[in-house]
Enquirer: 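I have a structure I would like to understand better, so I am pasting it below and will then ask my questions one at a time.
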Amino acid sequence: MASSVAFRLAGELGAAPPQAAARVAEEIDVDELTYVSGVETQGPYLNFLPSSAYYERTLEAATAETYGHLPDREESVVVEHTSANPTGPVHVGRARNPIIGDAVANVLEFAGYDVSRHYYVNDAGRQLAVFTWAYETFDEDDLESEPERDREEYDLVRYYRTGNAFLEEGPGADVEKAEAEIESIMQGLEAGEEEAYERVSEVVDQVLGGMKACLARLPAEFDEFVKETRFILDGSTDDLVARLKELEAAVYEEDAWQLDLTDHGIEKNLVFLRSDGTSLYATRDLAHHEWKFEEYDRAVTVLGEDHKLQARQLRTTLELLGNDTDPLEQVLYSYVNLPEGKMSTRRGTGIDLDDLLDEAISRAREEVETRLEDRLRDDDLDEEDVDRIAHQVGIGAVRYDVVSKQPTKAITFEWDRALDFEAQSAPYVQYVHARCCGILEEAGVDLEAGIDLGDVDATHLETAAARALLETIARFPGVVESASEDLQPHQVATYTREFAEAFNTFYRECPVLDDDVGSPLRETRLALVAASRHTVANALAVLGVAAPRSM
RNA sequence: GGGCACGUAGCUCAGUCCGGAAAGAGCGUCGGACUUCUAAUCCGACGGUCGUGGGUUCAAAUCCCAUCGUGCCCGCCA
């Protein structure tokens, strides 16, 4: 560990930085420190050298299965992510959301929070009223195509697209009739009518069921699907509207109730009640967030950068309503676009996440099969293994590619780039895990039971590569801490890469099971491999990337 | 037009919040390493005015100002 304090102390001490560094080094009594064995200066910099106790404690800590988990904070946090409208198949444009969202939830869980994963279901908006009308109006014969896949959302989205096309291009009188029907569905929902709710649910539940199945492939799973109609039915939206009208910022313009937020640095008015008396997504989301504040200590939302303005309006309005919004944090990401433009469910432009995952698995399978031929290790992978590895690597590569980048960077989707299995991708890190497992299995260590350390003695870590690896292992809990504080799981991805490098160097230079490696060197190195395995397995777990036992 | 983000090697990206050692990886190119715990690996070479111009500082990719380029937003949609 290095420090540059000498630069700042120099002025105070009236000495040049190198001299200041030397004086600080002199003042530190290493004998009083447990984890520091020496302090050296290098010009103006101070370097603290880790002691053998530091190495030994790290090794002990990391051989625990839970290594990297921080102590329980007794603090609950709800992570809302994805929340895609239940209108059709999940496409790649918004695939960043479940991948980043799941990793954010994971990293918070590792950091000791009690995490709930929520998907907020937009089942009260105009889109769903349109969908419901279309589903009830059109027949299979009216649809232009076969479903692209045998699953509900692929089947039903055809009604949605047909309906939207009809509203845009259909004969005027019919469109008017349709609009009236759509309007009546929305009014019904707003009034909390059981019948309207059931009609919409018929569509929502089916489509959402399919979308869940797709997301489960990542896997991104949720503790709760929170429907926005819930906040109409329980009366909280009405209550909220009443409170909003009382605010100083409330204005009634063009028959609609709005909030003028210019005093709070937002030019755009927030409309919270339409002229027809129905609420808007934003209105219900306010009720939703007040509910979150009641139920949880913190609320994190992962959303696209195109919702940034709405996010600011939401926060500002919640404050005007008397809420403390400090517990609310938003993680923003930029949408994935195609070279030819945006992806859209309504227009049917875009690449389905299912297709991307299928292609990833199929390319991974090809890769496994090619490598199978000139494989050194004679562990006889069977069909099942090939299948397992293809899934772990294929899906892992997609997730890793997404989660390892800063969410704010724009991405243009390209097949070959998204499905690159080369170094600095998931397989590179996964391979390290497989190597660890290979060595442990070869040594007869029960992977489930773990390893009995006995007396660890750091003096057997005589190589620089072994020490560097252990130092890298030691950083893991700190990485979890920092990534969770900043809500940036990509920090963990960067770490896995650095870890893999350190491990591979160790692997090259320090044989574990060679005949010339005697006791206790062998045991110490084996413990280091066990520690490495837990570290990389847990780091991958944060990212939601599978850790294969063999590849 | 206004607001917000992004701009680092030919390409894809870390590093920027919280300023400090010669700016790091991978891909690609070139050259090496499988009788050795799995070569989806490793080693080496080549490759950078950190968009541009100012400023602050002992010190700037990092902070401030300006400017250019790209993306997103500015609906009684979500």
Enquirer: Out of B:rU41, B:rA39, B:rC77, which has the shortest distance to the side chain of A:Arg274?
Expert: B:rC77

Enquirer: A:Asp420 CG to B:rG26 C1': how many Å, rounded?
Expert: 9 Å

Enquirer: Describe the nucleic acid contact of A:Asn47 in one word from base, sugar-phosphate, nothing, applying a heavy-atom distance below 4.0 Å.
Expert: base

Enquirer: So what does A:Val529 hit on the nucleic acid, given a heavy-atom distance under 4.0 Å: a base, only sugar-phosphate, or nothing?
Expert: nothing

Enquirer: Rounding to an integer number of angstrom, what distance separates B:rC73 and B:rU29 when you compare their P atoms?
Expert: 38 Å

Enquirer: Is it the case that over 12 heavy atoms from other parts of the model lie below 6.0 angstrom from the CZ atom of A:Arg508?
Expert: yes

Enquirer: The side chain of A:Gln310 is closest to which nucleotide in this list: B:rC43, B:rU41, B:rA78?
Expert: B:rA78

Enquirer: Output every pair passing side-chain hydrogen bond (donor to acceptor under 3.5 Å, both in side chains) with a member in residues 386-395 of chain A, not counting sequence neighbours, ordered by first then second residue.
Expert: A:Arg365-A:Asp387, A:Asp385-A:Arg388, A:Arg388-A:Gln392, A:Arg388-A:Ser550

Enquirer: In whole Å, what is the span from the CZ atom of A:Phe7 to the C1' atom of B:rG19?
Expert: 11 Å

Enquirer: Quick check for you: among B:rC73, B:rC42, B:rA39, whose closest atom lies nearest to any side-chain atom of A:Asn504?
Expert: B:rC42

Enquirer: Could you tell me if A:Gln313 and A:Gln310 have a donor-acceptor pair between their side chains, going purely by distance under 3.5 Å?
Expert: no

Enquirer: Among B:rC77, B:rA40, B:rU38, which is the nearest nucleotide to the side chain of A:Gln127?
Expert: B:rC77

Enquirer: When all nucleic acid strands are considered with a 4.0 Å heavy-atom cut-off, which category describes A:Val432: base, sugar-phosphate, or nothing?
Expert: nothing

Enquirer: Say we look at B:rG7 and B:rG28: how far apart would their C1' atoms be, to the nearest angstrom?
Expert: 22 Å

Enquirer: With P as the reference atom in both, quote the distance from B:rU16 to B:rU62 in angstrom, rounded to an integer.
Expert: 12 Å

Enquirer: Given B:rA78, B:rC73, B:rU41, identify the nucleotide with an atom nearest to the side chain of A:His307.
Expert: B:rA78

Enquirer: May I have the distance from A:His433 (atom NE2) to B:rU41 (atom P), rounded to whole angstrom?
Expert: 17 Å

Enquirer: How does protein reach along nucleotides 4-14 of chain B, written 5' to 3' as B (base within reach of a heavy atom under 4.0 Å), S (only sugar-phosphate), or - (no contact)?
Expert: SSSS---SSSS

Enquirer: With sequence neighbours left out, what residues match A:Arg549 under salt bridge (Lys or Arg N to Asp or Glu O under 4.0 Å)?
Expert: A:Glu448

Enquirer: Please determine whether a side-chain nitrogen or oxygen atom of A:Arg126 lies at a distance below 4.0 Å from atom OP1 or OP2 of B:rC77.
Expert: no

Enquirer: Do A:Arg274 and A:Trp257 meet the cation-pi criteria used here (NZ or CZ under 6.0 Å from the six-membered ring centre, within 45° of the axis)?
Expert: no

Enquirer: Which part of the nucleic acid does A:Gln42 contact within heavy-atom distance under 4.0 Å: base, sugar-phosphate only, or nothing?
Expert: base

Enquirer: Can you confirm whether the side chains of A:Ser83 and A:Glu80 place a donor and an acceptor under 3.5 Å from each other?
Expert: yes

Enquirer: Determine the contact category for A:Val512: base if any of its heavy atoms lies under 4.0 Å from a base atom, sugar-phosphate if only primed atoms, P, OP1 or OP2 are that close, otherwise nothing.
Expert: base

Enquirer: Within the structure shown, what part of the strands sits under 4.0 Å from A:Arg8 by heavy-atom distance: base, sugar-phosphate, or nothing?
Expert: base

Enquirer: Which listed nucleotide (B:rC18, B:rA40, B:rG75) is nearest to the side chain of A:Tyr431?
Expert: B:rA40

Enquirer: Can you check whether A:Leu215 reaches A:Pro98 side chain to side chain, under 4.5 Å on heavy atoms?
Expert: yes

Enquirer: Could you verify whether a donor N or O on one side chain and an acceptor N or O on the other, from A:Asn85 and A:Thr87, lie under 3.5 Å apart?
Expert: no

Enquirer: Could you spell out the base pairing of RNA chain B in dot-bracket, with Watson-Crick or G-U pairs whose two distances are under 3.5 Å, [ ] crossing and | to another strand?
Expert: ((((((((.[[[[.)....(...]]]].(((((.......))))).....[[[[[..)....]]]]])))))))....

Enquirer: Could you check which of B:rU38, B:rC43, B:rC72 has an atom nearest any side-chain atom of A:Lys342?
Expert: B:rC72

Enquirer: If the condition is salt bridge (Lys or Arg N to Asp or Glu O under 4.0 Å), which residues does A:Glu181 pass it with, not counting sequence neighbours?
Expert: A:Arg199

Enquirer: For nucleotides 59-62 of chain B, give me every protein contact, N/O to N/O, under 3.5 Å, one pair per line with atom names.
Expert:
none

Enquirer: Judged by modelled atom types alone, do A:Thr472 and A:Tyr495 share a side-chain donor-acceptor pair under 3.5 Å?
Expert: no

Enquirer: For nucleotides B:rG15 and B:rC6, find the distance between their P atoms and express it as a whole number of Å.
Expert: 11 Å

Enquirer: Tell me the interatomic distance from A:Gln258, atom CD, to B:rG75, atom P, rounded to whole angstroms.
Expert: 11 Å

